[in-house]
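For the numbers below, each heavy atom of this structure counts, side chains included, while hydrogens, waters and symmetry mates do not.
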Amino acid sequence: MGAVGIRVDDPAELGPDVERAIKLNKPTVIDIQVDGTQLAQPFRKDKLKMPTHLLPIYTHLDHRIW
């Protein structure tokens with residue numbers, strides 16, 4: 001479709017890459033790589049745990065039987 005793809009691995013590269021995307025004057029996808037282990041608020045690390053369903057009608061959805 002003619003879009004340009006830019007991958008950003010370093011936060012310091014983001015500013016110049018955004019400027020480059022604007023100057024290209026084309027549809028651009030900027031793929032920003034982030035470290036998923038470093039979550040900022042309002043995210044809670046305890047919410048990343050697998051769900052445990054306590055009601056009997058939902059036990060078939062529990063991750064322990066996958």
Side-chain angles (χ1 to χ4, degrees):
M1 300 187 124
V4 175
I6 300 173
R7 181 182 172 118
V8 179
D9 293 309
D10 181 10
E13 298 172 3
L14 182 59
D17 284 338
V18 170
E19 289 175 8
R20 184 173 68 142
I22 292 169
K23 287 178 185 175
L24 288 172
N25 200 28
K26 287 184 168 184
T28 305
V29 176
I30 300 177
D31 181 15
I32 302 171
Q33 301 300 304
V34 297
D35 181 2
T37 63
Q38 302 299 317
L39 299 176
Q41 295 299 330
F43 300 107
R44 291 176 36 191
K45 290 184 180 183
D46 64 328
K47 291 296 180 184
L48 297 175
K49 294 179 183 174
M50 295 298 289
T52 302
H53 303 297
L54 302 176
L55 295 175
I57 60 171
Y58 297 115
T59 53
H60 68 284
L61 299 173
D62 201 322
H63 74 282
R64 290 176 288 191
I65 61 169
W66 290 354

**From K26 atom NZ to M1 atom CE, the distance as rounded to the nearest 0.5 Å** = 14.5 Å

**Asked** What distance do R20 atom CZ and I30 atom CD1 have between them, rounded to the nearest 0.5 Å?
**Response** 8.5 Å

**Prompt:** Do you know which of I22, T28, D10, I6 makes side-chain contact (heavy atoms from CB on, under 4.5 Å) with D17?
**Reply:** I6

**Complete:** Taken to the nearest 0.5 Å, the spacing of L14 CG from I32 CD1 works out to 5.0 Å

**Prompt:** Is V18 reachable from V29 through a run of I, L, V, M, F, W or Y residues, each pair having side-chain heavy atoms under 4.5 Å apart?
**Reply:** no

**Item:** Greater than 12 external heavy atoms within 6.0 Å of D31's CG
**Value:** yes

